[in-house]
2 protein chains.
Amino acid sequence: MSHTMREVAERAGVSPATVSRVLNKTQYISPDTEQRVLKVVRELNYYKNVHARRLSTGQSNLFGLVISEIANPYFPEIIRGFQGAAWDKGFDVLLFNTEYSPARTESVIRKLIESDVRGVAIMTSSVDTKTTAELTAAGVGVVFCNLGPPGRLVSNISIDYQRGISQAIEHVVALGHRRTAVIAGPGDNRTAITIRRALIAGLNRHKLNPLPVIDCNYRIDSGASAVRSILSRSERPTVVFCGSDLIAMGAMNALEEEGVQVPDDVSVIGIDDISFAFLARPPLTTISVPRERLGAIAFEALQKLMKLKRQKGAEYYLGTELVIRKSTAPAKQQVSRSVT
Amino acid sequence: MSHTMREVAERAGVSPATVSRVLNKTQYISPDTEQRVLKVVRELNYYKNVHARRLSTGQSNLFGLVISEIANPYFPEIIRGFQGAAWDKGFDVLLFNTEYSPARTESVIRKLIESDVRGVAIMTSSVDTKTTAELTAAGVGVVFCNLGPPGRLVSNISIDYQRGISQAIEHVVALGHRRTAVIAGPGDNRTAITIRRALIAGLNRHKLNPLPVIDCNYRIDSGASAVRSILSRSERPTVVFCGSDLIAMGAMNALEEEGVQVPDDVSVIGIDDISFAFLARPPLTTISVPRERLGAIAFEALQKLMKLKRQKGAEYYLGTELVIRKSTAPAKQQVSRSVT
DNA sequence: CCGGTTTCTGAAACCGGTTTCTTAGCCCTC
DNA sequence: GAGGGCTAAGAAACCGGTTTCAGAAACCGG
């Protein structure tokens, strides 16, 4: 339905080339002609076709962003950071979710390549190297989060959980806790693995051996069932570290349902500081991850990567920090022994 | 970096036309040739360029989805519903957020037209008619939610809050409440206005005159300040209806901070049933809006709209339903009169 | 064995921009 | 007033697919 550039050109009595030059300011055009063209553009309500532009310039002003699931509250801030940065520079972003399915991931990657994106940020940690290879082979840059080291056309953003975790452990030790448990997240997830390691190492440093270290996925209800399995043991922990806020909230829920008070009976600590963490009852003590910044940096990293094409990518670091709210409290002196 | 169709053609000893036909199955090709082409496609790892395809077919397999803000938990399910439906039919979606800014909305619309989308679903209720006119003028179909009646190339999905609201009011009346308050949402928001009207009408039907009816935006903290202003009055309500779950959660937060117990002292009811509603403390009683379905229907509506081009759009309806959780309880016999 | 179909494939035009190459016209200088 | 250097704008090729049109080959029936 829309008009074409030639129509504009004809109506303004100039050549298409001139219209193009006026619209892109790529060459000086006499003010007279320029005005005439712009007038027609307004009259006709002309929009230039992005696809034609992409085709002829061979440059696609598109970047891809891959996440697992839109409903997971971990992602919104990342998306916003990424989109915001892209928008500021005049780039568009194609958002795809993998729904945790490898098959779907594959289609997504294909779509991205077909769309001729300049680069893609992969914020899921369940991607295999085959996938990234496919992307780089097609000449598109890749940035991911918490996966291997950078390589040709791929950069990595590493979230350093160390600092936040240390703070959390010190906080908990200062409150007098000695019996800890860890619900880490999916056992095959790089991020979850990293977090679990850091947690265990940190606890050991304080001569604490976390009791159950439990695998679960990132859905809320699995935090709940993990907690139930912990409660069924004879020696109950007084604090449980969770691999994500979602898990933590599920855990708090289950705890409450089992009649265990948070934080009076057991303290719980999450990771991420999702926007709802402070709305939880009690407000969740958690290790905050700068997700909006993560998104923004991912975009910048991609831009940089595409500038120095075929160079090796870089490694970026992002810190974390403990946010103390109300889900942690001093350890109870008397540890209940009752086996429910 | 990627290969072109002509390269494939050359390597397979056929013409580009043949390659195109093989890849799109648009015409019968001898098995022999077909295999040869497919083999080369695999060898070269060839991806066809979407932009070229869009350009030459004049069909853009793209749909747009406009929301206010990605971080607002109202939207994820809508996005998922829309994307899911689109994905199933092989369409891609361009997601944009307006950040509540008219200027930004305008750029977004421009981008959508330039991208030659087939249709766009506008899930923000802060859009003016000028905007939709621009879209329809460019021949792209529009579907929105809770805005005016359908017209040429525009359909509307109307969420019928009536049923849910009636249920909520009956629920509350049955619990013995007589003093109600309403925190509706932004006064210039069509949805908020609709909800407020329905609420007041419903309450009047039970001979109840809601006390303060307060405007606020959709951010959490404004639910909190609205509640504070309500508490400062001498006659306190025993139940407050909120125009969204976010407002309700902000309200509960503030209530708790002011030492008012939910639901013992005052009950609160939200609208939307966002995914966190059941995680609130106490779990929120709310009127659920089928948002994933809303997204899916929006897509279907767009498809239908584009099929019978230049026809008048249709009106769709979506029901709502009360979900009773723990934020509502019987009214206190003795109403506190203390002015804090 | 010949004319008429049908089947398979290629040549070329086209989609709507961008960009290179070229030229017409102008100004300036000597 | 002629020649050199600029400037503004057009013609045409091109990006990478799709599709129409046309033709060669194969096939078929009589």
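Throughout, a chain's letter reflects where its sequence line sits, starting with A, and its residues are numbered from 1.
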Residue set satisfying salt bridge (charged side-chain N to carboxylate O under 4.0 Å, His left out) with A:E77, at least two apart, ordered chain then number -> A:R291

How large an angle, rounded to 10°, do the end axes of the helix from C:dC1-D:dG30 to C:dC30-D:dG1 enclose when each is built from five base pairs?
50°

Under 4.0 Å from any heavy atom of chain A: name the first and the last nucleotide of DNA chain D that qualifies, 5' to 3'.
D:dA8 to D:dG16

Under 3.5 Å, N/O pairs linking protein and nucleotides 24-27 of chain C:
none

Which residues in residues 45-57 of chain B have a heavy atom closer than 4.0 Å to any atom of DNA chain C?
B:L55, B:S56

Heavy-atom contacts under 4.0 Å between residues 27-38 of chain A and DNA chain C, which residues?
none

Distance-only donor-acceptor check, side chains A:S15 and A:T18, under 3.5 Å:
yes

Using the ring pair (Phe, Tyr, Trp, His ring centres under 6.0 Å) criterion, which residues pair with B:F82? Sequence neighbours excluded.
B:F299

Restricting to salt bridge (charged side-chain N to carboxylate O under 4.0 Å, His left out), what partner residues turn up for B:E69, sequence neighbours left out?
A:R80

Show me, pair by pair, the donor-acceptor contacts under 3.5 angstrom made by side chains of residues 31-41 of chain B, not counting sequence neighbours?
residue : atom : partner : partner atom : Å
B:T33   : OG1  : B:S30   : OG           : 2.6
B:R36   : NH1  : B:A12   : O            : 2.7
B:K39   : NZ   : B:E43   : OE2          : 3.2

In chain order, what residues pass the side chain to side chain donor-acceptor pair (under 3.5 Å) check against B:R118, with sequence neighbours excluded?
B:Q59

Those residues at least two apart in sequence (or on a different chain) that pass salt bridge (charged side-chain N to carboxylate O under 4.0 Å, His left out) with B:K111 are A:D92

Tell me, please, which residues at least two apart from B:E7 pass salt bridge (charged side-chain N to carboxylate O under 4.0 Å, His left out).
none

